[in-house]
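Take a look at the following structure, please.
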Amino acid sequence: MLTLKYITENTDEVIARLKKKHFDGSDIINNIVELDERRKITQTAADNFSAEMNSLSREIGLLFKAGKQVEANEAKEKTITLKENISKLSEQRDEIEQKLQDLLVLIPNLPHQSVPEGKHAEDNITERTGGVFPELGTDAVPHWDLAKKYDLIDFELGVKISGAGFPVYKGKGARLQRALINFFLDNARDAGYLEVQPPYVVNAASGYGTGQLPDKEGQMYHCNLDDLYLIPTAEVPVTNIYRDVILDEKELPIKNTAYSACFRREAGSYGKDVRGLNRLHQFDKVEIVRIDTPEHSYESLTEMVNYVQSLVEKLELPWRILRLCGGDMSFTSALTFDFEVYSAAQQRWLEVSSVSNFESYQANRLKCRYRTADKKTQLCHTLNGSALALPRIVAALLENNQTPEGIRIPKALVPYTGFELID
RNA sequence: GGAGAGGUGGCCGAGUUGGUCGAUGGCGCACGCCUGGAAAGUGUGUAUACCCCAAAAGGGUAUCAUGGGUUCGAAUCCCAUCCUCUCCGCCA
């Protein structure tokens, strides 16, 4: 969320910038400014009474020690009304602070200046494209048919065991998964990311930290008995490593990478979007996360985008990078680049990565701060991106590389799979 | 799951017959002195959030796991919750 301070000091600017996200914040923000005024007044009053109370208590103690019972008891009388005032005012202050909190979480992050105007996915700007579009024969088939033909993925078996969206990978299909995970992790390590293995379930505090809670509660699987959530992405546990932490400027940027299975309920999805590997309840992903200074975070974002580009290039897939428009961006992001690869048999672009700078929006919730060289503490910037999500990469690899002899594995991946052809 | 012990500042660790305790001390860290340089020694400083103040300086409030309670006053007493450790049980 945005900081109270920023909103109250830059009210008009905040309202104006939110328009790009098609968010009319004027009512909420004016309300916040007003509540903040009341908050300050109430706190000042409460603090003054508390100060009086503290000094009176000290006096009473001294009086008792001196054996002046009568004076002590007189002083005690005075504390009664003080106490009432204090509890009344702090109750008010708590109420105001709660209201402020409730309003603050309703405001999305401010879009970066470079975010294009626009409402829908069609308004996104294509930054660059690359790779070679494959020339497939007329008998080319989508990946779900290929998965069956070569016995790589059994969707029906997953339905039997768990339900739709939980495929079972078999033989070279399973080995391809493992190969991709290792390929992505090794590349990340070479690019300077520290590999971490996080928990796959998180508590509510972590869910709030990265913003999945409270608004996206319905998208996460929840274990009632222990009140734990299955992670929808490794971003959640990895970013929460830095919750309630004050880092030293010298440690930044922090670069972490993690492989994890991801679990998403995907409530409300249907149709061709969910066919085959296009949308799953459980899938594998390697994530990259950075914690950085405000001065350097956009440089980091560029590095991350370039890094992800290097991955799709090594996999020899046709790709494009989109700069998301204000209307298509996530609630918490300041600037997002989506990566899509072309899945030739489906003849459609599939999103395989989303790389974002959240600036201090997420860090404010996490209370992830750093100490500058001159000893000031301030909020970090957080960034993350998929590098990469497996299922759609697999879909594109299978479809684009199908030949009469079998499915060709890109060169860079062969050392990881141990085979060059799926036949 | 059963029994016990405990959760204090970046870390270690005092403080529980309630009273200037945000908290002794040590380590670490920062700056200075000392030194040719370093070590040792020595001096000073070293939490976070919010509020008052135009700002600096300064002052105030809150925080000793979390939430509540008792009291004029709680790190210290009471209750609840969470967590950690030890032993037993179970187990990859």
Side-chain angles (χ1 to χ4, degrees), chain A residues 1-10 32-104 197 199-209 213 222-229 237 240-252 254 261 291 360 363-380:
Chain A
M1 61 193 180
L2 300 176
T3 63
L4 235 194
K5 202 173 172 199
Y6 195 84
I7 292 174
T8 54
E9 287 175 2
N10 308 277
I32 284 173
V33 171
E34 200 179 300
L35 279 169
D36 189 47
E37 281 307 310
R38 280 177 55 202
R39 176 189 131 260
K40 286 181 186 173
I41 292 164
T42 315
Q43 166 149 6
T44 305
D47 283 359
N48 288 339
F49 281 126
S50 291
E52 214 177 308
M53 187 72 168
N54 287 343
S55 68
L56 200 53
S57 293
R58 249 172 262 140
E59 278 172 37
I60 291 169
L62 293 174
L63 287 171
F64 272 123
K65 250 181 203 161
K68 296 178 179 167
Q69 299 283 340
V70 184
E71 286 97 323
N73 284 323
E74 275 170 17
K76 266 197 195 181
E77 293 291 317
K78 282 196 257 176
T79 63
I80 295 170
T81 52
L82 269 179
K83 247 194 189 174
E84 278 170 9
N85 287 332
I86 290 167
S87 70
K88 208 192 308 166
L89 285 166
S90 20
E91 209 173 289
Q92 274 175 30
R93 191 200 50 212
D94 290 350
E95 235 171 77
I96 292 169
E97 277 177 358
Q98 185 59 52
K99 274 188 201 160
L100 274 170
Q101 185 66 21
D102 292 346
L103 290 176
L104 282 170
Q197 267 197 29
Y200 285 11
V201 293
V202 294
N203 55 30
S206 294
Y208 279 102
L213 294 175
H222 180 237
C223 312
N224 272 324
L225 203 55
D226 297 296
D227 194 20
L228 293 169
Y229 296 84
N240 270 281
I241 293 172
Y242 306 98
R243 169 156 53 87
D244 292 319
V245 164
I246 301 177
L247 299 155
D248 198 289
E249 186 166 8
K250 281 177 279 194
E251 300 174 72
L252 302 175
I254 284 170
I291 315 286
S360 60
N364 187 32
R365 275 213 193 184
L366 288 163
K367 296 288 168 266
C368 173
R369 291 157 294 176
Y370 75 102
R371 216 181 295 283
T372 61
D374 56 339
K375 300 271 183 194
K376 292 220 170 75
T377 54
Q378 70 179 88
L379 291 170
C380 298

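Throughout, protein chains are lettered first and strands after them, A, B, ... in sequence-line order, and every chain is numbered starting at 1.
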Next on the checklist: What contact category does A:Ser57 fall into here, base, sugar-phosphate, or nothing, at under 4.0 angstrom with non-hydrogen atoms?
Outcome noted: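 Since a base atom lies under 4.0 Å of A:Ser57, the category is base.
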Checklist entry - When the C1' atoms of B:A5 and B:C11 are considered, how many whole Å apart are they? => result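 These two C1' atoms come out 22 Å apart once rounded.
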Item to check | Nearest-0.5 Å distance that lies between atom CD in A:Glu97 and atom OG in A:Ser90 | outcome: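 With rounding to 0.5 Å, CD (A:Glu97) is 10.5 Å from OG (A:Ser90).
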Item to check | Side-chain touch A:Asn73/A:Phe64, heavy atoms, less than 4.5 angstrom | outcome: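 With C-beta onward as the side chain, the pair touches.
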Checklist entry - How long is the span from the CG atom in A:Asn85 to the OG atom in A:Ser50, to the nearest 0.5 Å? => result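 Reported to 0.5 Å precision, the distance equals 10.5 Å.
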Checklist entry - What nucleotide, of B:U61, B:U48, B:C50, holds the atom closest to the side chain of A:Gln43? => result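 My answer, after comparing the listed nucleotides, is B:C50.
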Checklist entry - Of all the choices, B:C72, B:A30, B:C52, which nucleotide is nearest to the side chain of A:Lys83 once you look at every atom? => result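 So the side chain of A:Lys83 is nearest to B:C72.
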Checklist entry - Can you tell me how far P of B:G73 sits from CD1 of A:Ile80, to the nearest Å? => result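 Rounding to the nearest Å, CD1 of A:Ile80 and P of B:G73 are 11 Å apart.
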Next on the checklist: Mind checking if A:Leu82 touches a base, just sugar-phosphate, or nothing, with heavy atoms under 4.0 Å?
Outcome noted: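 A:Leu82: no heavy atom of the nucleic acid under 4.0 Å.
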Next on the checklist: Distance check, P atoms only: B:A30 and B:U20, in whole angstrom units.
Outcome noted: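 Per the computed distance, 34 Å lies between those P atoms.
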Checklist entry - How far, in whole Å, is B:A3 from B:G73 if one measures between their P atoms? => result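 Straight-line distance between the two P atoms is 37 Å.
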Checklist entry - What does B:U17 pair with, Watson-Crick or G-U, if both distances are under 3.5 Å? => result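 Pairing partner: none.
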Item to check | Interatomic spacing from CD in A:Glu37 to CG in A:Leu35 - rounded to 0.5 Å | outcome: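 Going from CD on A:Glu37 over to CG on A:Leu35, the span is 10.5 Å.
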Next on the checklist: Under 3.5 Å for both donor-acceptor distances, Watson-Crick or wobble: does B:C34 have a partner, and if so which one?
Outcome noted: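 WC or wobble partner does not exist here.
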Next on the checklist: Using the C1' atom as the point on both nucleotides, what is the distance between B:U24 and B:A14, in whole Å?
Outcome noted: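 Roughly 6 Å separates the two C1' atoms.
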Checklist entry - Is there a side-chain contact between A:Gln101 and A:Met1, using heavy atoms and a 4.5 Å cut-off? => result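 Yes. Closest side-chain heavy atoms under 4.5 Å.
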Next on the checklist: In this structure, how many angstroms lie between the P atom of B:C83 and the CG atom of A:Asn203, rounded?
Outcome noted: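 Rounding to the nearest Å, CG of A:Asn203 and P of B:C83 are 10 Å apart.
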Next on the checklist: For A:Gln378, is the CD atom crowded, meaning more than 12 foreign heavy atoms sit under 6.0 Å from it?
Outcome noted: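 Atom CD in A:Gln378 is packed in, count exceeds 12.
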Item to check | P gap between B:A62 and B:G7, integer Å | outcome: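 Their P atoms lie roughly 24 Å apart.
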Checklist entry - Could you state the CG-C1' distance from A:Asn48 to B:C50, rounded to the nearest angstrom? => result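 About 14 Å, once rounded to whole Å.
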Next on the checklist: B:U48, OP1 or OP2 - any side-chain N/O from A:Arg371 closer than 4.0 Å?
Outcome noted: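 For A:Arg371, the contact criterion (side-chain N or O under 4.0 Å from OP1 or OP2 of B:U48) is met.
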Next on the checklist: Can you tell me which nucleotide in B:C72, B:C50, B:U20 comes closest to the side chain of A:Arg58?
Outcome noted: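 So the side chain of A:Arg58 is nearest to B:U20.
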Item to check | Base-pairing mate for B:U81 - Watson-Crick or G-U, with both contacts under 3.5 Å | outcome: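 Result: B:A65.
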Item to check | Pairing partner of B:U24 (Watson-Crick or G-U wobble, both distances under 3.5 Å) | outcome: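 Its partner: none found.
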Next on the checklist: Taking B:U48 as the reference, what is the distance to B:U44 when you measure between their C1' atoms (whole Å, please)?
Outcome noted: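 23 Å, rounded to whole Å.
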Checklist entry - Whole Å only: how far is the NZ atom of A:Lys376 from the C1' atom of B:A56? => result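 Value for this atom pair: 11 Å.
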Checklist entry - Roughly how many Å is it from CG in A:Leu4 to C1' in B:A49, rounded to a whole number? => result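 To the nearest whole Å, that distance equals 13 Å.
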Next on the checklist: In this structure, how many angstroms lie between the P atom of B:G10 and the NZ atom of A:Lys250, rounded?
Outcome noted: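 One finds 17 Å between P of B:G10 and NZ of A:Lys250, rounded.
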Checklist entry - To the nearest angstrom, how far is A:Tyr370 atom OH from B:U48 atom P? => result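 Atom-to-atom, A:Tyr370 to B:U48, this comes out as 15 Å.
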Checklist entry - Nearest nucleotide by nearest heavy atom, which residue falls closer to the 5' end of RNA chain B, A:Arg93 or A:Ile246? => result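 Final value for this comparison: A:Ile246.
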Next on the checklist: Assess the residue pair A:Leu379 and A:Lys367 against the criterion (side-chain contact (heavy atoms from CB on, under 4.5 Å)); give the C-alpha distance rounded to whole Å, side-chain angles, the decisive distance to 0.1 Å, and a yes or no.
Outcome noted: CA-CA 7 Å; A:Leu379 291 170; A:Lys367 296 288 168 266; 5.5 Å; no
Checklist entry - Which base, if any, makes a Watson-Crick or G-U wobble pair with B:C53, both distances under 3.5 Å? => result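 Base partner found: none.
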Item to check | Heavy-atom pair of closest approach, residues A:Thr372 and A:Glu249 | outcome: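 For A:Thr372 versus A:Glu249, the nearest heavy atoms are CA-OE1, 3.2 Å.
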Next on the checklist: In whole Å, measure the gap between the P atoms of B:G4 and B:U81 for me.
Outcome noted: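 15 Å, rounded to whole Å.
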Item to check | Derivation of the side-chain hydrogen bond (donor to acceptor under 3.5 Å, both in side chains) call for A:Asp102 and A:Gln98 | outcome: CA-CA 6 Å; A:Asp102 292 346; A:Gln98 185 59 52; 2.9 Å; yes
Checklist entry - Does B:G73 have a Watson-Crick or wobble mate here (both distances under 3.5 Å), and if so which one? => result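 Base-paired to nothing in any strand shown.
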Under 3.5 Å, which N/O atoms of the protein pair with N/O atoms of nucleotides 80-82 of chain B?
none

Checklist entry - With a 4.0 Å cut-off on heavy atoms, is A:Ala51 in touch with a base, just the backbone sugar-phosphate, or nothing at all? => result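 Touches sugar-phosphate only.
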Next on the checklist: Looking at B:G45, which nucleotide sits across from it as a Watson-Crick or G-U wobble partner, both distances under 3.5 angstrom, or is there none?
Outcome noted: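 Matched B:G45 with B:C29 under the 3.5 Å cut-off.
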Item to check | Residue pair A:Thr44, A:Asp47: steps toward the side-chain hydrogen bond (donor to acceptor under 3.5 Å, both in side chains) verdict | outcome: CA-CA 5 Å; A:Thr44 305; A:Asp47 283 359; over 6 Å; no
Item to check | Interatomic distance at P, B:U76 relative to B:G18, whole Å | outcome: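 Per the computed distance, 12 Å lies between those P atoms.
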Item to check | Pairing partner of B:G1 (Watson-Crick or G-U wobble, both distances under 3.5 Å) | outcome: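 Result: B:C88.
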Checklist entry - Which part of the nucleic acid, if any, lies within contact of A:Thr377, taking any heavy atom under 4.0 Å across all strands shown: a base, the sugar-phosphate backbone alone, or nothing? => result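 Sugar-phosphate contact only - A:Thr377 comes under 4.0 Å of backbone atoms but never of a base.
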Checklist entry - Taking atom P of B:C50 as reference, at what distance in whole Å does atom CD1 of A:Ile96 sit? => result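 It is 17 Å, rounded to the nearest whole Å.
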Checklist entry - Using a cut-off of less than 4.0 Å, is there contact between a side-chain N or O of A:Arg369 and OP1 or OP2 of B:U48? => result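 So the side-chain polar atoms of A:Arg369 never come under 4.0 Å of the phosphate oxygens OP1 or OP2 of B:U48.
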Checklist entry - With a 4.0 Å cut-off on heavy atoms, is A:Asn73 in touch with a base, just the backbone sugar-phosphate, or nothing at all? => result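 Since no nucleic acid heavy atom lies under 4.0 Å of A:Asn73, the category is nothing.
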Next on the checklist: Looking at A:Asn54, I'd like to know whether one of its side-chain N or O atoms comes within less than 4.0 Å of OP1 or OP2 on B:G19.
Outcome noted: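 Checking A:Asn54 against B:G19: no side-chain N or O falls below 4.0 Å of OP1 or OP2.
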Next on the checklist: Between A:Ile41 and A:Ser50, which residue's closest nucleotide on RNA chain B lies nearer the 5′ terminus?
Outcome noted: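 Of the two residues, A:Ile41 wins.
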Checklist entry - Below 4.5 Å, heavy atoms only, C-beta onward: do A:Leu366 and A:Asp244 meet side chain to side chain? => result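 They are not in side-chain contact.
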Next on the checklist: Need one value for A:Lys40: base, sugar-phosphate or nothing, where a base atom within 4.0 Å counts as base even if backbone is also close, heavy atoms only.
Outcome noted: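 Contact class for A:Lys40: sugar-phosphate only.
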